[in-house]
Undergrad: 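Questions regarding the structure given below will be posed in turn.
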Amino acid sequence: MENINYWDEFEYSKLKLILNNKKVDSILRVKNHLKNVDEFFPISVELHLTDLCNLNCEWCTDKELRKNKATLDLKVIEKLFCEFGNHGTGVTLEGGGEPTLHPCFRQVVETGKKFNIDMGLITNGIMDISEFVPAFRWIRVSLDSSTKEEYRREKGVDCFERVLENLEKISQTRKPKETFLGVGYVLTTRNGANLLELVKRLDSIGVDYIYLRPVEEAEEITPSLESLLDLRRHLAKLTEDTRIKYMLTINDRVVDKNAGMPCVAHSLTSIIHANGDVALCEKRREDGIILGNLSENSFEKIWLSSYRMEASQKLLHAECQKGCGPCRMTGFNRIFEQLEKVHSKHFI
């Protein structure tokens, strides 16, 4: 019997694309060389509010960014949200660092509400954000540990119980059909022993899902594929009797270079760093593409610039993905590959 509590991101992604059919058609036209660039705004944007952080995760992939100690100016955010509100672009507040440490976090949230933006939040959960819960479509708390000892070792501070208490406050504050509540969990070889007990506790708190993924760029503590598959079997068994759903990403963490495909899905999203840089992608470690900076131009001017057109055309060549690490956009690119091969679209 299929486990109904397994969250299949690939299938869910297909539904999201159906709801953005104009964007999909535009990307397919670029893929088929019928136009040079997808001019539609991203469906969603990952917005780094600040590079400041109150944790010290040993495996953090944003350590270099945190050295900048940058914080995005509120006036820039206000102009940006006005643009995104006009184009229906969703915004994930994240980092970089810890987004709730932005000195104007309250005003940021209020500005998002003012422009009717669908917002999501990825936070470490150390700050009590229960008063802001109604403003978000979803909130994901990065926990990455199952016990106090693991948390101290992985995160560098002793805040495990505080985060769980704040999770409970969020769960009690939210309206379940209006704000989804999840937990993010970066898997290492050191934090899996008590994971199943944690899932039970999260279920009792009222968390909707746990999103697990292996650590990146830390081979010495990366779980083996065999251990990940074993964990998935145990999670499937455990969640037969729980309400909490689970997602364990495996395939998109072992495939790099975009599986040799052109990257046509990159325009589904964009990354904005706390220094105002608009980046094409977060995974291009060897060949980072910065499209422009919001202190110099509006997002629209950057998005419609000739430089972005050149970058978009460049990524149509599969060999240009050689510097890309494992990326969730690979799943979307697979969908576009499949769509292109459907020759009976007028038949159901």
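Keep in mind that what you see is a predicted model, and the values were worked out from it rather than measured.
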Undergrad: Look at the side chain of Asp208 and the backbone N and O of Leu181, then say whether any donor-acceptor pair between them is shorter than 3.5 Å.
TA: yes

Undergrad: Salt bridge or not for Lys200 and Glu197, using N-O below 4.0 Å?
TA: yes

Undergrad: Can you tell me if Ser44 uses its side chain to pair, donor with acceptor, with the backbone of Thr269 under 3.5 Å?
TA: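 The answer is no, because no donor-acceptor pair under 3.5 Å joins these two groups.
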
Undergrad: Would you say the side-chain atoms of His273 pair up with the backbone N or O of Ala279, donor to acceptor, closer than 3.5 Å?
TA: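 Looks like no, no N/O pair under 3.5 Å.
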
Undergrad: Is any side-chain heavy atom of Asp158 closer than 4.5 Å to a side-chain heavy atom of Lys148?
TA: yes

Undergrad: Say whether, by atom type as modelled, one donor and one acceptor occur between the side chain of Asn333 and the main chain of Val264 under 3.5 angstrom.
TA: yes

Undergrad: Please round to the nearest 0.5 Å and tell me the distance separating atom OG of Ser267 and atom CZ of Phe332.
TA: 11.5 Å

Undergrad: Is the backbone N or O of Glu300 less than 3.5 Å from a side-chain atom of Glu83, with the two atoms forming a donor-acceptor pair by type?
TA: yes

Undergrad: Could you walk me through whether Tyr246 and Ile244 pass the side chain to side chain contact (heavy atoms under 4.5 Å, CB included) check?
TA: CA-CA 7 Å; Tyr246 72 95; Ile244 191 171; over 6 Å; no

Undergrad: Using the side chain to side chain donor-acceptor pair (under 3.5 Å) rule, take Glu98 and Thr50 through it: C-alpha gap first, then chi angles, then the decisive distance, then the call.
TA: CA-CA 7 Å; Glu98 165 54 34; Thr50 180; over 6 Å; no

Undergrad: Please examine the side chains of Leu143 and Tyr151, heavy atoms only from C-beta on, and report whether any two atoms are closer than 4.5 Å.
TA: yes

Undergrad: Report yes if the side chains of Leu212 and Leu195 come closer than 4.5 Å at any heavy-atom pair, otherwise no.
TA: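 Yes, close enough: below the 4.5 Å cut-off.
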
Undergrad: Taking C-beta and beyond as the side chain, do Glu131 and Arg106 meet within less than 4.5 Å on heavy atoms?
TA: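 SC-SC contact between Glu131 and Arg106 confirmed.
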
Undergrad: Parallel, tilted or perpendicular: which fits the ring planes of Phe84 and Phe81, with parallel below 30° and perpendicular above 60°?
TA: tilted

Undergrad: Tell me whether the rings of Phe136 and Phe105 are parallel (<30°), tilted (30 to 60°) or perpendicular (>60°).
TA: parallel

Undergrad: If only atom types and distance count, is the side chain of Asn293 paired as donor or acceptor with the main-chain N or O of Ser295 below 3.5 Å?
TA: yes

Undergrad: Do Thr100 and Phe132 make a side-chain contact, defined as non-hydrogen atoms from C-beta onward lying under 4.5 Å apart?
TA: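 They are not in side-chain contact.
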
Undergrad: Looking at OG1 of Thr92 and CD1 of Ile122, how far apart are the two atoms once the value is rounded to the nearest 0.5 Å?
TA: 6.0 Å

Undergrad: Is Glu150 close to Leu198 at the side-chain level, that is, under 4.5 Å between some pair of heavy atoms?
TA: no

Undergrad: Whether the side chain of Lys245 engages the backbone of Thr239 through a donor-acceptor N/O pair (distance < 3.5 Å, no angle test) should be reported.
TA: no

Undergrad: Roughly how far, to the nearest 0.5 Å, is the OG atom of Ser270 from the CD1 atom of Ile302?
TA: 9.0 Å

Undergrad: Would you say Phe160 and Arg152 make side-chain contact, with heavy atoms under 4.5 Å?
TA: no

Undergrad: Side-chain donor-acceptor pair under 3.5 Å between Asn191 and Asp144, yes or no?
TA: no

Undergrad: Are any non-hydrogen side-chain atoms of Val141 and Asn166 less than 4.5 angstrom apart?
TA: no

Undergrad: How long is the span from the NZ atom in Lys22 to the CG atom in Asn20, to the nearest 0.5 Å?
TA: 11.0 Å

Undergrad: Can Arg233 and Asp230 be counted as an ion pair, charged N to O under 4.0 angstrom?
TA: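 Looking at Asp230 together with Arg233, the answer is yes, because their closest N to O distance falls below 4.0 Å.
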
Undergrad: Would you say Thr179's side chain and Lys175's backbone share a donor-acceptor pair under 3.5 angstrom?
TA: no

Undergrad: Should Glu78 and Lys114 count as an ion pair when the cut-off is N to O under 4.0 Å?
TA: no

Undergrad: Do side-chain atoms of Trp303 reach the backbone of Phe40 as a donor and acceptor pair under 3.5 angstrom?
TA: yes

Undergrad: Hey, is Arg328 close enough to Glu216 for a salt bridge, meaning N to O under 4.0 Å?
TA: no

Undergrad: Hey, does the side chain of Gln313 reach the backbone of Asn36 with a donor-acceptor pair shorter than 3.5 angstrom?
TA: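 Side chain of Gln313 to backbone of Asn36, a donor-acceptor pair under 3.5 Å: yes, one is there.
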
Undergrad: For Arg153, is there an ion pair with Glu58 - N to carboxylate O distance below 4.0 angstrom?
TA: no

Undergrad: If you measure from the Lys or Arg side-chain nitrogens to the Asp or Glu carboxylate oxygens, is any gap between Arg29 and Asp38 under 4.0 Å?
TA: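 Result for this pair is no, no salt bridge flagged.
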
